[in-house]
2 protein chains.
Amino acid sequence: MIEAERLSSALEDYLETIYELVRHQKVARVRDIARARSVRAASVTPAMRRLADLGLIRYEKREYIDLTPQGQREAQRVVSRHQALTRFFKNVLKIPVKTAEGDACAMEHSLSAEGMDHLVRFIEFVHNCPEGARLLDVFHACVLAQHQPEASCQRCPMGQPGKAEEHRAVPLSAIDVGAQVLVRRIAADGAMRDRLLDAGLLPGEIVEVVRVAPGRVRFDLRRGGFELRLTGDEARAVLVAPPERNP
Amino acid sequence: MIEAERLSSALEDYLETIYELVRHQKVARVRDIARARSVRAASVTPAMRRLADLGLIRYEKREYIDLTPQGQREAQRVVSRHQALTRFFKNVLKIPVKTAEGDACAMEHSLSAEGMDHLVRFIEFVHNCPEGARLLDVFHACVLAQHQPEASCQRCPMGQPGKAEEHRAVPLSAIDVGAQVLVRRIAADGAMRDRLLDAGLLPGEIVEVVRVAPGRVRFDLRRGGFELRLTGDEARAVLVAPPERNP
DNA sequence: ATCACCTGTTAGCCAAGACTAACAAAACCA
DNA sequence: TGGTTTTGTTAGTCTTGGCTAACAGGTGAT
Ligand SMILES: [Mn+2]
Ligand SMILES: [Mn+2]
Ligand SMILES: [Mn+2]
Ligand SMILES: [Mn+2]
């Protein structure tokens, strides 16, 4: 029983797998663990030896595998992180359950205690507070409805004119000559996204609109000393924070 | 220039580091990269060779290191994930900036495209929608104010009686005999948290209150066929969803 | 010109965590 | 009881990504 420095993600996943297996199938065999983790049985054996050395599992050659009390504690820590993160991805971000599980299981090992804690509180808050639930509904309607946010959000104040206007992310195509704006997001996929990011239009960058062609079919920008030229389509895909309107 | 299957997190981080270095210091030397990533220079050289083989950086022995266009594109993808996640942890979850950066830099490699996309939309939404911003303020006041959520949330409907009541997570200590409840969260740290998780009180579990000692100083529960007994303090630390009140 | 220092490279080592192929033990079946 | 199948272990290999120690190339000071 060697002292545990910090469990690697692989070992944490083995522990988690064993936990779920004994929970559901009553016993955990090498074979089950291998299948659950999509590895070969030959990879499981040495992992079991390591976990046994750490005092986290009871493991005798060719016998059923079981968690020690300490291993159980450790496994539960991992599982509860896994569940919380899954809930977040599934219920808040509305990711398909399989992807949500995958993302959760990848993140569960690296998230700081503080990050984890606040995330759990956030999930709880947004689920339990009726107002939070309402907001979440609006968000889901927006996100799920369509992928051009400047056109969506009918139920959300973001879609209304007036006070909300100044908080809204607007397409670069709507910006006037001379304004400096902050890039918020690139609303494009694939080749166009690549091209735009390639040109240095990263979220957080500040760009200035230098010139706009008649009919707004071409936009000349300046970013950090360099000029670049966008087509109208490209400019529509660059979402920016509108410039401050100080009279 | 070999075909890129999928970059490892280590290589993505090297790429990211180079990107930031050329962005800020104009040149990236092995020494700078080593310092930025907290590794020895001897570890950097082979990584550079691999990145060069993948066609992502320009690297001649003992020369300054630079990104190829393809490398730049790849690096920007990583950087923009890094930034989005950092924003989430910092601005939404209110994690200290250093921890936020750490969490973001660990997650940025594993999050699915869909997860990333929805998360970015969520951040945007909650920042741009005035109502979202208000809710976020309430959340921050709750989370930052204190760590016993059943006592906090004065400004939030969660703290008010009436309709909100039924959505609230309540301490197990407030539950009546015979009720079945869903464990939401363990509001305890250290040894007590361990003890409770140890006893199987994981979020998602269903427990039944079997018996309550006079003065509510001891709670007997049943979970999945097993009985367990909690002290009053312990029962107060177990936050549960209250049972449905169907008359 | 030479020496010292800084930087980067090489060689050689290690651990983790996967794999295949070969082998061994149990269980099952006839 | 003896053969067959299932299951698990072992041995040996590979890649990744670290490390230290030794070495090499360049730059500047004396
Ligand atoms: Mn995992
Ligand atoms: Mn997991
Ligand atoms: Mn990273
Ligand atoms: Mn990063």
Side-chain angles (χ1 to χ4, degrees), chain A residues 2-18 21-22 25-66 71 74 78 102 105-106 108-110, chain B residues 2-18 21-22 25-66 74-75 78 102 105-106 108-110:
Chain A
I2 295 150
E3 217 16 82
E5 168 114 344
R6 170 75 201 286
L7 237 33
S8 71
S9 357
L11 290 189
E12 280 190 348
D13 278 343
Y14 277 114
L15 223 47
E16 195 189 0
T17 303
I18 296 167
L21 283 172
V22 301
Q25 263 88 62
K26 286 298 167 205
V27 291
R29 294 171 301 168
V30 167
R31 197 156 173 283
D32 306 322
I33 298 170
R35 207 180 19 158
R37 292 224 46 215
S38 305
V39 297
R40 300 293 150 142
S43 308
V44 174
T45 308
M48 294 307 104
R49 233 196 320 269
R50 260 177 298 147
L51 286 176
D53 285 349
L54 291 165
L56 298 172
I57 63 172
R58 239 183 312 280
Y59 169 62
E60 298 295 333
K61 258 193 205 175
R62 283 167 204 280
E63 298 296 324
Y64 290 148
I65 291 157
D66 201 4
E74 211 62 49
V78 181
C105 205
E108 72 199 358
H109 314 287
S110 55
Chain B
I2 297 151
E3 219 12 85
E5 169 114 342
R6 172 77 200 285
L7 281 184
S8 70
S9 357
L11 289 189
E12 281 190 347
D13 277 343
Y14 277 116
L15 223 49
E16 195 189 359
T17 303
I18 295 168
L21 283 171
V22 302
Q25 263 88 64
K26 286 297 168 204
V27 292
R29 293 172 300 169
V30 168
R31 201 160 169 279
D32 305 323
I33 299 169
R35 207 179 18 159
R37 294 223 45 217
S38 305
V39 297
R40 298 295 149 141
S43 307
V44 174
T45 307
M48 295 305 105
R49 230 192 328 265
R50 260 179 299 150
L51 286 176
D53 286 349
L54 291 166
L56 298 173
I57 63 171
R58 239 185 309 281
Y59 169 62
E60 298 295 333
K61 260 192 202 174
R62 282 166 206 280
E63 300 296 323
Y64 290 147
I65 293 158
D66 201 3
E74 211 62 48
V78 181
C105 207
E108 71 199 357
H109 313 288
S110 55

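Each chain gets a letter, A, B and so on, in the order the sequences are listed, and its residues count up from 1. Remember, it's a predicted structure, so these values are computed and weren't measured experimentally.
The nearest whole Å value for the distance from the CZ atom in B:R40 to the C1' atom in D:dC19 is 8 Å. Between B:M48 atom CE and D:dT16 atom P there is a gap of 15 Å when expressed in whole angstrom units. We find that CG of B:L7 is positioned 12 Å from P of D:dT16, with the value rounded to whole Å. What separates CZ of B:R37 from C1' of D:dT16 is a distance of 12 Å, to the nearest Å.
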* **Base-contact (B) and sugar-phosphate-only (S) positions in nucleotides 3-16 of chain C, heavy-atom cut-off under 4.0 Å, - elsewhere** => ----SBBB-----S
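The shortest side-chain heavy-atom distance between B:I57 and B:L15 falls under the 4.5 Å cut-off. Side-chain atoms of B:R37 and B:S43, non-hydrogen and from C-beta on, never get closer than 4.5 Å to each other.
Looking at B:V22, B:L21, B:V30, B:V27 one by one, the single match for side-chain contact (heavy atoms from CB on, under 4.5 Å) with B:Y64 turns out to be B:V27.
Considering CG of A:L54 and CD of A:E74, their distance stands at 9.5 Å, rounded to 0.5 Å.
Using a 4.0 Å cut-off between a side-chain N of Lys or Arg and a carboxylate O of Asp or Glu, B:R35 and B:D32 qualify as a salt bridge.
No more than 12 heavy atoms of other residues, nucleotides or ligands sit less than 6.0 Å from atom CZ of A:R40.
Residue A:Y64 is out of contact with every strand shown, counting any heavy-atom pair closer than 4.0 Å.
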